[in-house]
Amino acid sequence: MTVSPNSVPALELSGLEKSFGPMKIIRGIDLDIPSGERHAVIGPNGAGKSTLFHLISGHYRPSGGTVKLHGDDITGLQPELIARRGLSRSFQVTNIFPQLSVWENVRCATLWAMGYKYSFWRNVESLTDARERTEQILTEINMLDRWNMPAGVLAYAEQRALEIGLAIASNADTILLDEPMAGMSHGETEHMVGLIRQVSENRTLLMIEHDMSVVFDLADRISVLVYGEVIASDTPERIKANPAVQQAYLGTEVV
Amino acid sequence: AADTIKIGYVDPLSGGAASIGQIGLNQMNFIADAVNKKGGINGEQIEVIGYDNQINPQTSLVQVQKAIDEGVRIIVQGNGSSVGAAIEGFVEKYNRRNPDAHIVYLNYAAIDPAMTNESCSYWHFSFDANTNVKMEALTNFIKQREEIKKVYLIDQDYSFGHAVAESAVSMLKEKRPDIEIVGNEFHPLVKITDFSPYIAKIKASGADTVITGNWGQDFSLLIKAAGQSGLDVNWYTYYAGAAGGPTAIKQANMDGRVFQINEGISNLGYAPAENTAREYGAVYKDAPVLFPRIFNAMTMLFMAIEAAGSQDPAVFIPKLESMDYASFSAGGESFMRKDDHQLFQPLYISAFGPLANDQSFDEEHTGWGWTKVGEISAKDTVIPTTCEMKRPS
Amino acid sequence: MNQKIDTRIPALPSGRRSSFLARYGIWIVVAIVLAGLPYVFSSGLALSTMCMMGTMIIFALSYNMLLGQTGLLSFGHAVFFGLGGFLTAWAMNAVVGTDSPLPLFLFPIIGGFTGLVFGVIFGAVSTRRSGTAFAMITLGIAELVSSSALILRHFFGGEEGITVDRTDMIHLFGLSFGPQIQVYYLIAVWCLISATAMYALTCTPFGRICNAVRDNAERVRFIGYNTQTVRFMAFSLSGLFAGIGGGLAAINFEIMNSAQMGVGESGAVILMTYIGGIGNFAGPIIGAVVVTYLQLMLSDITDVWQLYFGLLFIGMVMYAPNGLAGLLALQQPLLQTRQLHRVAPYYALALAPGLVAITGLSMVIEMTYQLSVKTAAGPAMEFFGVTFNANVPLPWIIAVVLFAAGVWLFLRAARLAGHVYSEAVTWRKMP
Amino acid sequence: MFEILFISTINGILYGMLLFLMASGLTVIFSMMGVLNLAHASFYMLGAFFGFEISQHFGFWSGLVFAPLLVASIGMIVERYGLRNVHRHGHVAELLFTFGLTFVIQEIVEMVWGKLPVDYRVPASLDFSAFTVFATTYPAFKMFALLVSVVIFLALLLVIRRTRIGLIVQAALSHPDMVGMLGHNVDRIFMLVFGVGVALAAVAGVIAGPVLVTQSNMAGLLGPILFVVVVVGGLGSLGGAFVASLLIGLVQTYAVAFNVSLADVFGSSPLTGEFALYFNDLWNVTVAQIAPIMPYMLLVLILIFRPRGLMGTSNR
Amino acid sequence: MLDVRDLHAYYGKSHILQGVNMRVGNNEIVSILGRNGVGRSTTLKAIMGNPSPRGDIEFRQKPIAGRKPHDIARLGIGYVPEERAIFPMLTVEQNLLLGIKSGQKDARWSLDETWRLFPQLLERANAPGGALSGGEQQMLTICRTLMGNPDLIMIDEPTEGLAPQMVERIGELLQEVARRGISILLVEQRLAIAMRISHRVYVMGHGQMVFEGTPDELMANTDVRREWLEV
Ligand SMILES: Nc1ncnc2c1ncn2[C@@H]1O[C@H](COP(=O)(O)OP(=O)(O)OP(=O)(O)O)[C@@H](O)[C@H]1O
Ligand SMILES: Nc1ncnc2c1ncn2[C@@H]1O[C@H](COP(=O)(O)OP(=O)(O)OP(=O)(O)O)[C@@H](O)[C@H]1O
Ligand SMILES: CC(C)C[C@H](N)C(=O)O
Ligand SMILES: [Mg+2]
Ligand SMILES: [Mg+2]
């Protein structure tokens with residue numbers, strides 16, 4: 001591991017477990033993600049990657065083990081409490097606000113972090129900082145021209161882009177992206193890689209992705225999750241070369 | 001509007017209690033038609049306008065307000081003391097605030113005694129004997145029946161039901177201290193579908209007699225449930241004869257076990273009433289139930305208007321409030337008491353069963369009808385009032 | 001995303017604070033209209049109707065905070081309306097005879113406070129759930145409260161309820177509130193205040209998060225909000241406004257009874273809100289006005305008004321699911337591009353046969369009614385001032401022909417109007 | 001004491017089974033289609049009146065067969081030309097649609113049969129008392145109603161377990177288009193389910209009509225209690241509805257049997273003064289008096305502590 | 001097998017398909033390629049009858065345009081949507097059973113086959129469909145449609161979100177399906193796999209087909225690829 005001993009890791013998983021009934025899905029994961037790292041999680045379908053994200057973000061409660069965010073124990077906290085500590089995420093299955101406009105979607109995601117919370121005495125339209133931030137996010141995800149469309153009628157790929165927009169809008173310093181490129185075309189993927197690289201500057205990024213070109217392009221380090229366990233966690237080059245990984249995941253179609 | 005007398009009939013015309021409300025409206029129309037055919041009152045035609053209050057006090061006030069806005073000065077209502085009390089209060093307030101446009105409230109059936117006692121009003125007239133009056137008569141009847149030992153009271157949980165129970169308890173204690181009251185039950189108004197638990201209780205109490213003020217389906221369901229579980233008691237009721245009651249008694253097969261106290265039945269052998277009943281039955285074939293109280297109220301109103309020569313309540317009330325009158329059912333001597341605007345009239349206790357040969361009126365096409373078993377003259381029903389009426393100066 | 005060559009970016013919402021007039025202009029206009037209404041509709045009936053509408057507008061708007069804004073279907077909203085009314089009435093009765101300086105027009109505050117308090121209490125219980133479970137809890141609470149009211153007969157006055165006399169309050173500025181017109185202005189002012197406040201609420205961060213919760217509650221948690229808190233706040237605040245409405249109702253009717261807290265009343269507010277349109281702030285207002293009017297007036301026109309009422313609702317739900325406001329909102333693009341004049345004639349074209357069809361239908365209904373229920377009155381009847389016998393074939397033939405032809409023509413005209421409408425709308429996009 | 005307990009138990013079971021008879025159709029529609037059919041009681045009323053009318057001419061038994069069939073066809077027409085078009089506007093719209101329907105059905109019934117109760121009688125063949133306990137007779141007809149409830153319960157269980165209709169309908173709740181594209185005629189199945197649901201209501205009407213009062217307000221009277229049954233039992237659970245019906249029947253019946261109030265247990269109220277007046281309403285209220293609100297207490301408690309109901313599987 | 005001529009389709013007012021012409025032969029694997037949002041998914045949906053198509057669609061010489069989706073499905077067209085449409089409340093097994101049409105006789109595909117090919121699904125047979133991982137859902141949705149014994153199966157983006165190794169499995173699966181005499185119409189983002197298994201490919205742009213040919217021909221035609229596929 002390349003964690004420098006003096007800095008607290010952004011995310012610290014130890015002995016993390018999750019079972020559904022008799023089925024053990026996550027079987028004891030220990031993983032440290034140093035601050036500022038771009039980390040990718042890869043692994044076969046059904047290995048438990050999304051479940052891992054659900055555990056970290058509070059969607060599921062771990063059956064065992066702990067999750068620490070910047071050294072604080074956040075195990076089993078409610079999602080909103082975790083989000084307020086500066087962790088935001090996207091979902092594998094598109095998860096947006098279908099009746100709200102694209103603009104409102106993104107703006108809602110900025111509000112808490114901007115300190116507006118449940119404010120019912122301020123007019124949203126007069127919140128200059130939220131507006132500017134929203135405009136900036138929309139520009140970044142290339143959707144400014146769609147700002148007043150209801151999100152539900154967008155094309156699939158556009159919804160995927162908005163999903164990422166929601167995840168980065170709150171300016172969180174730890175970002176979890178679950179298959180951000182799924183459903184995007186080549187060109188869009190390239191654009192998105194650029195965007196993710198840019199927004200994750202000076203932040204911690206944890207990302208699940210099946211598109212290996214993206215993974216090897218973006219990640220500082222890669223963990224391979226197989227059957228609920230991390231079988232390898234290393235630099236892209238070493239992972240690519242790892243025979244166990246090749247056997248379990250990459251197959252022959254290495255890009 | 002000078003050439004018509006507008007009467008606003010504010011009663012349930014939709015929903016649960018509509019059956020009774022509609023019958024009242026039918027009778028009002030029937031009476032108005034008859035009067036109009038004869039040229040009206042003082043040459044003015046009668047117009048009856050129905051207002052649906054859904055038996056809700058608040059809706060009633062909305063409807064009364066609407067009636068007033070449409071030029072009505074005479075409000076008629078009967079179904080439900082809760083509604084009656086609300087209207088009485090409203091009328092009082094309205095007349096105070098509008099000293100030059102008075103309205104009058106003619107109440108033909110809301111018989112919570114409070115309405116002619118503590119909350120009595122100059123602008124209100126009660127044409128049905130109130131709960132206490134009826135109970136006075138009923139207990140006088142019960143007094144003579146030695147076989148009654150244990151009495152069970154079951155009533156609807158609202159002002160009228162409580163009034164019935166209270167008067168029964170106090171009057172029985174006074175007149176027949178040996179009678180044991182083995183139960184005093186209240187159940188929610190028109191909410192119970194299954195009365196068998198109540199019947200089980202009555203049975204367990206060992207009662208031989210039940211007194212109930214229940215009306216409408218609360219009566220029908222009660223009596224049916226009793227019939228089904230073979231409860232062997234006599235029933236003294238206020239409203240067994242109202243819509244649906246006779247059918248239920250017949251279905252429960254309770255020959256001669258249900259008694260009713262009211263201001264009259266069709267089988268009294270009084271020709272004018274019988275003729276009217278026949279005419280009415282011919283027109284309203286589906287619902288030939290007749291409420292003498294409505295005929296009393298209307299006739300007295302018309303007499304007052306005629307005598308005063310004006311349809312302005314302020315003008316005709318003095319005529320009405322001290323009127324002597326021969327009641328509809330049998331021409332019995334009746335009078336309006338000025339102190340509280342309560343009408344006193346002969347009351348009849350009757351039993352329900354298969355028609356005898358000389359009786360011509362059955363109820364609800366059941367083949368069964370009411371037979372008189374007791375009669376109390378008006379003066380024997382007089383009880384004191386606590387009314388302190390505020391009269392306009 | 002790479003081929004959106006055709007569209008230009010629509011102007012972004014500007015952050016510039018719009019001018020005073022643009023922001024408050026609409027409310028000023030509303031205030032002026034409210035002030036002037038009694039001069040236009042001056043009959044006693046109109047006044048009392050408008051008073052009822054005013055209270056119902058507040059009630060329906062408060063309900064839409066739940067249903068329309070936050071996606072919470074409640075079957076028990078009348079509880080807050082009723083409790084607000086009861087407490088207001090009690091407060092009024094309490095100060096009668098004392099020389100309390102509290103003038104009548106402040107009493108709705110008590111209603112609002114009551115609504116808020118009970119909103120907090122019941123909200124704490126019910127907003128822990130959402131969806132069907134929430135709806136059913138509210139149903140249960142509503143039944144519990146309205147039935148308990150009958151048991152606590154000294155406080156709630158049993159079936160009869162409790163009455164007040166609004167003229168017994170202290171008379172400030174010579175206002176006795178005896179005459180209905182004074183009550184009208186009282187209600188109008190409160191209605192304006194409440195509506196403005198509720199509108200303002202939709203434009204706050206909280207209001208927007210309510211919308212987000214309605215759309216996708218799960219996702220909201222991951223942007224930092226506790227959905228239960230959001231639901232709870234929305235619930236409590238809507239209780240507050242419902243309470244104000246209830247307080248005004250107590251003042252207006254001078255009676256409160258438990259039926260006003262019942263499921264029936266809650267059903268009525270759902271109807272109003274939905275018929276008006278839940279997707280639009282003005283919807284519940286329109287709904288409250290229209291439904292109140294129908295409730296009051298329909299029964300004068302026909303005895304079977306509930307049948308028409310039911311048919312109307314069914315028709316609305318089927319063909320105008322976005323409510324009356326939704327229908328109006330459809331016209332907005334036409335107004336903007338000044339195309340309405342092109343489409344309006346076609347609306348008229350569709351309206352005429354539509355009315356014919358409705359006439360035919362109601363003729364059938366009325367004739368059936370005459371023959372089946374009003375048997376006593378005989379077959380002679382009057383319809384639209386025409387007198388005829390309902391037991392001969394001719395009027396039936398006329399009715400059926402009117403109905404069938406009306407429907408047929410209406411459908412055709414409606415299709416035509418639809419085409420013209422979409423042309424008019426797309427025409428805007430062309431240049 | 002034992003006597004009243006025993007009788008109450010029988011009464012409770014009988015009432016509970018009548019409730020189940022009425023609620024079974026609602027459960028079917030609610031659990032399968034997700035439609036809160038507010039007009040359910042109206043169809044129940046239609047069933048009673050059709051049953052009455054048919055039995056006038058052809059006897060009770062034809063009424064029992066044909067009234068539900070008639071109501072089912074009306075229900076299917078309503079579904080086909082009404083509800084189906086409303087479906088896509090969401091549950092609130094469906095709910096309001098059925099709400100509007102209650103007005104329409106009510107008025108039509110009043111037009112045809114009037115507002116007065118009709119004389120709908122128990123058939124002569126069942127008009128005897130089945131047995132007598134503690135001098136209380138139990139009419140054979142009530143036993144018949146009990147039997148029908150149980151038969152319907154078992155039949156529904158069988159149908160739902162054995163056929164895929166339940167699956168298809170449930171699937172259609174999340175992705176109706178997809179179910180169609182898998183080759184299932186969702187529309188027809190929905191129509192069928194709705195038809196069966198209202199037919200069950202009609203069966204309840206035909207049977208309850210003679211026992212209770214057959215009158216144009218009988219729909220309104222049934223009120224929300226049926227929803228309580230369905231929800232307490234658990235959405236989507238027929239067994240739950242069955243248990244909940246029994247539970248509610250028993251709870252209500254027992255409650256009526258007990259005349260105890262706080263005052264009876266702890267002596268007269270500890271409070272005096274003006275406030276006591278209001279407080280004593282609570283202090284003196286008997287269990288019997290609150291019997292009718294017990295189901296709603298049950299409803300709220302269940303939903304708070306076990307939102308999916310007694311036996312429900314999902315908490316949709 | 002399938003013959004589409006001059007197919008038009010609209011979402012509300014927007015004209016998405018503007019005259020699509022294409023055909024799929026017996027035992028053939030045909031792919032539709034193209035950029036996002038050009039209307040590939042819409043083509044498949046329109047063939048299934050929703051949005052309702054204008055134009056001619058013939059399936060085994062029978063016109064099917066205007067029919068109801070369930071009718072079309074019963075004629076033998078299977079459809080696997082892009083968003084998978086797993087029934088989240090039902091178990092995996094129930095999801096699969098729903099693929100079987102009522103009154104269906106012998107099928108080329110059975111429950112056991114599914115379990116054999118994807119043991120992972122067997123493990124999850126009683127878990128709710130909504131709990132499956134993205135990849136598992138993809139397998140499930142394809143198998144579910146196969147259970148209905150279609151003669152033609154139209155699959156929208158089957159490899160989206162799949163691990164590389166699983167992508168290969170899907171590729172094999174599709175070839176296996178084709179071997180059993182089921183024609184395949186594939187909408188695919190990943191050129192590599194589409195090119196490898198397809199017999200013919202169409203390239204779509206702006207609601208119309210802009211290229212038709214074998215994969216090799218497409219590889220050769222750099223203009224088309226540059227203009228319409230951004231590769
Ligand atoms: N709530 C649940 N109940 C039962 N099983 C579950 C549940 N959630 C997830 N699983 C199972 O856990 C396993 C891991 O799922 P997960 O979604 O984490 O996979 P993944 O690695 O993200 O796969 P993919 O790349 O396909 O998205 C799957 O086999 C899934 O079926
Ligand atoms: N339900 C809908 N309502 C309105 N427009 C829609 C709808 N579905 C899709 N569209 C629009 O139709 C166009 C074509 O969509 P389609 O899904 O067919 O594209 P695609 O080629 O499959 O692209 P993708 O790679 O995004 O799946 C898109 O521009 C999209 O915005
Ligand atoms: C019409 C009557 C049954 C009303 C009843 N007497 C009451 O006072 O409430
Ligand atoms: Mg995943
Ligand atoms: Mg697509």
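What you see below is based on every heavy atom in this structure, not just the backbone, and it leaves out hydrogens, waters and symmetry mates. Numbered from 1 within each chain, the chains take letters A, B, ... in sequence-line order.
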Nearest heavy-atom neighbours spanning A/Gln159 and A/Val153: NE2-N, 4.4 Å
query: Side chain, backbone, both or neither: which part of A/Glu104 has a non-hydrogen atom closer than 4.5 Å to chain C?
result: side chain
task: Using atom types as modelled and distance alone, determine if a side-chain donor or acceptor of A/Asp173 lies under 3.5 Å from a backbone N or O of A/Thr204.
output: no
task: Could you have a look at A/Pro79, A/Ala83, A/Ser88, A/Ser57 and say which one has the most heavy-atom pairs with chain C under 4.5 angstrom?
output: A/Pro79
task: Verify, without hydrogens or angle tests, whether C/Arg219 (side chain) and A/Ile96 (backbone) share a donor-acceptor contact under 3.5 angstrom.
output: no
message: I'd like to know which of A/Leu127, A/Leu166, A/Asn105 tops the heavy-atom pair count under 4.5 Å against chain C.
response: A/Leu166
query: Given a strict heavy-atom distance threshold of 4.5 Å, which part of A/His191 is in contact with chain C: side chain, backbone, both, or neither?
result: neither
field: Which of A/Thr110, A/Leu87, A/Leu111 touches chain C most, by non-hydrogen pairs under 4.5 Å
entry: A/Leu111
message: Given heavy-atom pairs under 4.5 angstrom as the criterion, report whether the side chain, backbone, both or neither of A/Ala155 touches chain C.
response: neither
message: Between C/Pro205 and A/Lys117, is there a side-chain heavy-atom distance shorter than 4.5 Å?
response: no
Chain C contacts, top residue of A/Ala109, A/Pro98, A/Gly58, A/Ser170 (heavy-atom pairs, under 4.5 Å): A/Pro98
- request: Report yes if the side chains of A/Met207 and A/Leu218 come closer than 4.5 Å at any heavy-atom pair, otherwise no.
  value: yes
message: Quick check on A/Ser119 against chain C: is it the side chain, the backbone, both or neither that has a heavy atom closer than 4.5 Å?
response: both
Stacked cation flag C/Arg129 on C/Phe134, 6.0 angstrom / 45 deg: no
- request: Heavy-atom distances under 4.5 Å only: say whether C/Ala200 touches chain A with side chain, backbone, both or neither.
  value: neither
message: Taking the cut-offs as 6.0 angstrom to the six-membered ring centre and 45 degrees off its axis, would you call A/Lys49 and A/Phe53 a cation-pi pair?
response: no
